[in-house]
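Everything below concerns the one structure shown next.
Heavy-atom basis, side chains included; hydrogens, waters and symmetry copies ignored. Naming convention: chains lettered A, B, ... in sequence-line order (proteins, then strands); numbering from 1 in each chain. What you see is a predicted model; the values in this text were computed from it and never measured.
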Amino acid sequence: MRHFDHHLYSNPIFAQSSINILTMTLAAQIKCATEDALKHLFPDTDINPASITINLTKPEFNGDYTIVLFPFVKQLRQKPDVLGKMIGDYLVEKCSLFTGYDIVSGFLNMTIKDGVWLSFLQNHFNDVHYGEKSGHDRRVMVEYSSPNTNKPLHFGHLRNIFLGYAVGNILHAVGEQVVKANLINDRGIHICKSMIAWQRYANGDTPERTGMKGDHLVGDYYVKFNDAYKAEIAELVAKGMDEAAAEKEAPIMKEAQEMLRQWEAGDKEVRSLWEMMNGWVYKGFEVSYKNLGVDFEKMYYESDTYLLGKAIVEEGLQKGVLYKKEDGSVWVDLTEEGLDHKLLLRGDGTSVYITQDLGTAKLKFNDFKLDQSVYVIADEQNYHMQVLKAILKKLGEPCADGIYHLSYGMVELPTGRMKSREGTVVDADDMMEEMINLSREQTEAAGKTEGFSQEELTKLYNTIGMGALKFYLLRVDPKKKMIFDPKESIDLHGFTATFIQYAHARICSILRKEGVPLLPDSTKFQSLHLADEILPAEKKLVVMLEQYPVIVENAAAEFNPSELCNYAFQLAQQFNSFYAEHSIAHAENEEKKQLRLMLIIMTAQVLRHSMNLLGIRLPEKM
RNA sequence: GGUCCGGUAGCUCAGUUGGAUAGAGCAUCAGCCUUCUAAGCUGAGGGUCAUUGGUUCGAAUCCAAUCCGGAUCACCA
């Protein structure tokens, strides 16, 4: 993904000569310098630049960055120690980054000049955009959430929502133009089930009359439908019908299917009931999304898109890419792609799930001239997405290559999968409320409520509770499934957002007492000359801060927000150790104090930036 | 059965193109608040990286086989 122009950096004194060098990470600069050293020391041998590995030096050794020597040992016919000395001497002499080196069994540990770290800090400590890249003008859509309208959001949806929102932000941070989209599944048998049950049992109840959130009200009737359905099946079975037949013959199910037919026929009454109940649900979702702190630039509705795709199928049929069976159904043969035969249109000409997805894929691309279209969808649909992409490719649709399935593992309960039909779900709204309550309890128990107004406390509990919830769902690699035990509350200690928030609040507290703003302008910090060496705890912090842009870039490349969780946690941890070891306000001298202030200002800034990408706020006081 | 994903400390998880003695958090145990916020810090114990073989200077990482768990293979969405 990233490549370097080797001609630009082949000059041994490039470190002073190029402006571009400022935008390169230290590790990348060291790699270039090493490549350059090898070229000069061994002009006759061609070294593959990809074989140069630069790592952070392990804490137990002397140095900052490590060049691994083994890859060249054989090709250059040199002993590691000899080779290391040659490269080390060359680099220290010719490259302005280094002050010395140390060789330990095949590893060349380079020490970076303190001045390099100081100028890094001076350049970036108050940069709000540190870690971001500016535009390569790629247009990307991230579709996430994509709920059904027959029930409220549950805990599993939250993983999808936080992932999608975070990935959108992360892609934006690396310079892409992002459209966050939501494809709402507002039609089909599921919503008809809620509608039937509402007609039968609600006596005209509305969210207004019951004071209930609309999505919850509609969800309750979905559960009622299934209860009634089960009862009717049991009754039929008791009368001697076998179970499979009973499932088909149950009157309430027949009513739902009939309602779906009426809906498709455009029946006025059914449509207006449908609009009313969906309206309730949207109002409810709106509240949930607002509380979750997420948003969308574009809403798609399946009632608008479910007929799309037929045209594409017709075209494919013309081209002979698809085939028709005797019963009139249309299929695609994907056996060459290692997949199966797949139905695209039923015998009666109606479309199936994949058909409409073919249409929406194209619609999205045309609406926004996309380069990439990301689908945040659970891994149970891996096959579906594979098929979708393969079909579009086979049909020669330009949108095919841009499709990326961000597949994530499902959230399960200790008892297994959540089943909304059986009401065993952990509700999203309840979960938020519980987390906010938990943070209130713990704040009160710790006696940390003094000096806050009531409004401030309300906001703080929200920040802590929602932060904990988001972090909990984002800290794990998306593709791994996770098990959530509702009996165990989400922790506020250790590897959590709270930990990061606390470190941030501590920094803010120091700055407040010192009368320094969170993001001071550079003037007061410009001339920093350090008499003493940078201490290990200080070094560790600045080294971590220098890593941040690479972390963001990786998170974007992998569509993986958990990398930011890990990084921010480690940074906060590093700050806490630093804080325990050294005083900032009472530093040994003025220079030290300045250095440390810059360090913590930048630490706070990077913590804020990274957590902001995840939609997690950091309080200034807690 | 085919395809795909996963298996790392008691539990939850890191470990980025193969790099030094495999790391965090929780839980357990022992220390640290007259000094910038103890929601914190320091330390200890805890491992057959599912198993076996292979590739090489070097494997948790790559390859093959096996075992275990999950998803999927609908004229459902």
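Following rounding to the nearest Å, A:Asn382 (CG) and B:C73 (P) show an atom-to-atom distance of 11 Å. Distance CG (A:Asp491) to C1' (B:G25): 9 Å, rounded to an integer number of Å. Rounded to an integer number of Å, the gap from NZ of A:Lys193 to C1' of B:A77 is 11 Å. Regarding A:Gln381, its CD atom lies at a distance of 15 Å from the C1' atom of B:C4, rounded to whole Å. To the nearest angstrom, C1' of B:G40 lies 15 Å from CD of A:Gln501. Straight-line distance from the NZ atom of A:Lys479 to the C1' atom of B:C5: 9 Å, rounded to whole Å. Computed from coordinates, the A:Arg417 CZ to B:U72 C1' distance equals 11 Å when rounded to whole Å. Between the CD atom of A:Glu412 and the P atom of B:G6 there is a distance of 16 Å, given to the nearest Å.
Looking at A:Thr66, its side chain comes within 3.5 Å of the base of B:A20 through a donor and an acceptor atom. A donor-acceptor contact under 3.5 Å is formed by the side chain of A:Lys448 with the base of B:U37. For B:A39, the base has no donor-acceptor partner in the side chain of A:Asn576 [N/O atoms by modelled type, under 3.5 angstrom].
For the pair A:Thr149 and A:Val281, the tightest heavy-atom approach, listed with the atom from each and the gap, is O-CG2, 3.2 Å.
For the side chain to side chain contact (heavy atoms under 4.5 Å, CB included) test, residues two or more places apart in sequence or in another chain that qualify with A:Leu56 are A:Tyr65, A:Val543, A:Gln547.
When the nearest nucleotides of RNA chain B are assigned to A:Ser577 and A:Ile354 by heavy-atom distance, the more 5′-ward of the two goes with A:Ser577. The residue among A:Gln442 and A:Arg187 whose nearest nucleotide of RNA chain B lies closer to the 5′ end is A:Gln442.
Between B:G25 and A:His493, no contact under 4.0 Å exists linking OP1 or OP2 to a side-chain N or O. A close approach under 4.0 Å does not occur between any side-chain nitrogen or oxygen of A:Tyr353 and OP1 or OP2 of B:A77. Of the side-chain N and O atoms in A:Lys58, none sit less than 4.0 angstrom from OP1 or OP2 of B:G19. Within the structure, every side-chain polar atom (N or O) of A:Arg440 is placed at least 4.0 Å from both OP1 and OP2 of B:A39. Neither OP1 nor OP2 of B:C36 sits under 4.0 Å from any side-chain N or O of A:Arg512.
Within 4.0 Å (heavy atoms only), A:His582 reaches at least one base atom of the nucleic acid. Contacts of A:Phe61 with the nucleic acid, taken as non-hydrogen atoms under 4.0 Å apart, include base atoms. Using a 4.0 Å heavy-atom distance criterion, A:Pro80 is classed as making no nucleic acid contact. Across all strands, A:Thr443 comes closer than 4.0 Å to base atoms (heavy-atom distances). Base contact: A:Lys621 has a heavy atom under 4.0 Å from a base atom. Among the protein residues, A:Asp348 comes within range of no part of the nucleic acid, since none of its heavy atoms lies under 4.0 Å from any strand. Residue A:Met622 is in base contact, counting any heavy-atom pair closer than 4.0 Å across all strands shown. Residue A:Ala585 is in base contact, counting any heavy-atom pair closer than 4.0 Å across all strands shown. Within the 4.0 angstrom heavy-atom criterion, no nucleotide atom of any strand lies near A:Asn150. Within 4.0 Å (heavy atoms only), A:Phe569 reaches sugar-phosphate atoms of the nucleic acid but no base atom.
Stacking between A:Phe70 and B:G58 is absent: the ring centroid is not both under 5.5 Å from the six-membered base ring centre and under 30° in plane angle. Once the 5.5 Å centre distance and the 30° plane angle are applied, the aromatic ring of A:Tyr383 is found not to be stacked with the base of B:A71.
A gap of 34 Å separates the P atoms of B:C68 and B:C76, to the nearest Å. Here the separation of B:C63 from B:G25, taken at their C1' atoms, is 34 Å to the nearest Å. The gap from the P atom of B:G6 to that of B:A14 amounts to 11 Å, rounded to the nearest Å. Here the separation of B:A27 from B:U17, taken at their P atoms, is 33 Å to the nearest Å. Comparing the C1' positions of B:A74 and B:G47 gives an interatomic distance of 45 Å, to the nearest angstrom. B:G15 and B:C33 have their P atoms separated by 37 Å, with the value rounded to a whole Å. Only the C1' atoms considered, B:U61 is 15 Å distant from B:G54, to the nearest whole Å. With C1' as the reference atom, B:G18 and B:U56 are 10 Å apart, rounded to whole Å.
Ring planes of A:Phe569 and A:Phe499: tilted class, angle from 30 to 60°. Classified by interplanar angle (parallel below 30°, tilted 30° to 60°, perpendicular above 60°), the ring pair A:Phe559/A:Tyr404 is parallel.
Across A:Glu581, A:Glu591, A:Glu538, a single residue satisfies salt bridge (charged side-chain N to carboxylate O under 4.0 Å, His left out) together with A:Arg596, and that is A:Glu538.
Closest to the side chain of A:Glu380, out of B:A39, B:U72, B:G19, is B:U72. Picking from B:A77, B:A38, B:C36 the nucleotide with the shortest atom distance to the side chain of A:Arg506 gives B:A38. Checking B:G19, B:U37, B:G25 against every side-chain atom of A:Gln573, the shortest atom distance belongs to B:G25. Here B:C75 is the nucleotide among B:U37, B:U35, B:C75 with the atom lying nearest to any side-chain atom of A:Trp331. Closest approach to the A:Phe107 side chain among B:U37, B:A20, B:G40 is made by B:A20 (side chain taken as heavy atoms from C-beta onward).
Annotation: A:Phe107 is in aromatic contact with A:Phe70 [ring centroid separation under 6.0 Å]. The distance between the ring centers of A:Trp274 and A:Tyr301 does not fall below 6.0 angstrom.
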Protein-nucleotides 11-17 of chain B N/O pairs closer than 3.5 Å?
residue : atom : partner  : partner atom : Å
B:A14   : OP1  : A:Asp477 : N            : 2.9
B:A14   : OP2  : A:Lys480 : NZ           : 2.6
B:U16   : O2   : A:Asn554 : ND2          : 2.5

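No side-chain heavy atom of A:Ile103 sits less than 4.5 Å from a side-chain heavy atom of A:Pro80. Under the 4.5 Å side-chain criterion, counting only non-hydrogen atoms from C-beta, A:Ile500 is in contact with A:Phe471. A:Leu571 is listed as a side-chain neighbour of A:Thr603, based on a closest heavy-atom distance under 4.5 Å.
Pairing of B:C4, defined by two Watson-Crick or G-U wobble distances under 3.5 Å, is identified with B:G70. B:A59: no Watson-Crick or G-U partner with both key distances under 3.5 Å is found in any strand.
Classified by its glycosidic torsion, B:C33 falls in the syn category, the angle being within 90° of 0.
With 3.5 Å as the limit, one finds no donor-acceptor pair spanning the side chains of A:Asn109 and A:Asp102. Between the side chains of A:Asn150 and A:Ser194, no donor-acceptor pair of N or O atoms lies under 3.5 Å.
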